[in-house]
**Q** 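Quick one: structure below, then a few questions.
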Amino acid sequence: MENLNIDNRKQIVKDGNIRWTNHVIVRLFQRNITQEDIENALWNGEII
């Protein structure tokens, strides 16, 4: 898998190319996190 930089991550979100597995959906629900929360974090976040 390629090393994704912030621009690659933003492009994936913009293109709607996030693959949401059943496991991820369950874990997000358990933690009260929405898919939109994740997309916003990927779009607006910074790599530290």
Side-chain angles (χ1 to χ4, degrees):
M1 182 184 208
E2 69 182 82
N3 189 10
L4 297 176
N5 64 33
I6 193 69
D7 293 326
N8 297 122
R9 292 170 195 232
K10 286 183 178 183
Q11 190 63 46
I12 289 169
V13 173
K14 181 180 177 184
D15 294 342
N17 288 332
I18 298 174
R19 189 176 124 207
W20 301 102
T21 64
N22 288 334
H23 174 78
V24 169
I25 299 298
V26 168
R27 299 300 276 178
L28 290 175
F29 179 77
Q30 290 172 339
R31 293 179 169 98
N32 198 29
I33 300 171
T34 66
Q35 291 173 331
E36 186 177 272
D37 291 336
I38 300 301
E39 291 172 357
N40 286 335
L42 291 170
W43 185 255
N44 297 310
E46 67 181 81
I47 298 173
I48 56 172

**Q** Hydrophobic clusters here meaning ILVMFWY residues chained together by side-chain heavy-atom distances under 4.5 Å, can you tell me if F29 and I38 are in one?
**A** no
**Q** Assess whether atom CD of Q30 is packed by more than 12 heavy atoms of other residues, nucleotides or ligands within 6.0 Å.
**A** yes
**Q** Is the backbone of D37 close enough, under 3.5 Å, to the side chain of N40 for a donor and an acceptor to pair up by distance?
**A** no
**Q** Atom CD1 of I6 and atom CH2 of W43: how far apart are they, to the nearest 0.5 Å?
**A** 9.5 Å
**Q** Could you tell me if the side chain of E39 sits less than 4.5 Å from the side chain of T34, heavy atoms only?
**A** no
**Q** Are more than 12 heavy atoms from other residues, nucleotides or ligands located less than 6.0 Å from atom CG of N32?
**A** no
**Q** Around atom CG of N17, are there more than 12 heavy atoms of other residues, nucleotides or ligands at under 6.0 Å?
**A** yes
**Q** I need the single residue from I25, V24, I18 that forms a side chain to side chain contact (heavy atoms under 4.5 Å, CB included) with Q35. Which is it?
**A** I25
**Q** What distance separates Q11 CD from N5 CG, expressed to the nearest 0.5 Å?
**A** 11.0 Å
